[in-house]
Amino acid sequence: MDDRALSKEISYALRHAPWEYELEMDSEGAVAVEQLLDALHQSAKWKNVSEDDLKRIIAHSEKKRFELKEGKIRAYYGHSIPMKIRKEKQMPPDILYHGTARRFLAPIMESGLLPQNRQYVHLSQDVETAVNVGKRHDAKPCILIIDAKAAWADGIIFYLGNEKVWLADVVPAKYIQEGKGTYENLR
Ligand code: HQG
């Protein structure tokens, strides 16, 4: 089975288009595993997918994207659907990071970090994670350093995604500093 393709399909279903799969999603973004499997079985490619396959993908993935609990599955982050997914507010670490493309730097320093097509801004717990996120947009990403402590003290709300991904509604530019030098120096 193509685990990567299946993981992408599940990300698409749970983050962006549950209605295409006729999934009933609760306020935290969880759907019944049975319902997701039934929907996947409609397509020839996924007609043999089982709950064990989902468990394997979750266990083997380098990123913690999904939670499977009490017969339900949800994506931890990444949503773009109109129904806002309820996330748990939590005090962030003092510093968070955000990896992005060089071409986005000027607009971000002007308007702050905005969620763009997703429901929340995505921030990284460590530089390495931020580099990997940034590389999706630019071969030489820039790494932004977020003064999460000051932002939290000023009332900016942060939410827990997974242990490496933090979420926020917006991050105003005054809490953002460009990582000095190349990203290799920040490691
Ligand atoms: C940028 C992946 C211009 C922002 C990743 C980013 C992550 C602005 C892009 C998760 C801006 C949005 C999310 C502004 C923000 N002006 N550009 N004011 N504010 N941006 O893909 O954070 O592998 O929606 O810097 O690893 O890159 O799918 O967000 O570059 O965890 O599990 O707008 O998705 O996870 O891009 O990535 P995205 P992201 P998965």
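Ligands are counted one by one from 1 in listed order, and the atoms in each one are counted from 1 as well.
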Sorted by chain and number, sequence neighbours left out, ring pair (Phe, Tyr, Trp, His ring centres under 6.0 Å) with Tyr175 holds for none

Per the under 4.0 Å non-hydrogen criterion, ligand 1 touches Arg15, Lys63, Arg65, Tyr77, His98, Thr100, Phe104, Pro107, Ile108, Gly112, Leu113, Leu114, Gln116, Arg118, His122, Val133, Arg136, His137

Original post:
Does Phe66 have its ring centroid less than 6.0 Å away from the ring centroid of Tyr76?
Top reply: no

Problem - Shared hydrophobic cluster for Tyr97 and Leu113 (ILVMFWY, side-chain gaps under 4.5 Å) - result: no

Open item on the list: Parallel, tilted or perpendicular: which one describes the rings of Tyr12 and Tyr21, with boundaries at 30° and 60°?
Closed with: perpendicular

What one should report as the nearest heavy-atom pair of Ile108 and Ala173 is O-CB, 4.0 Å

Per side chain to side chain donor-acceptor pair (under 3.5 Å), Asp3 is matched among Lys8, Arg56, His60 by Arg56

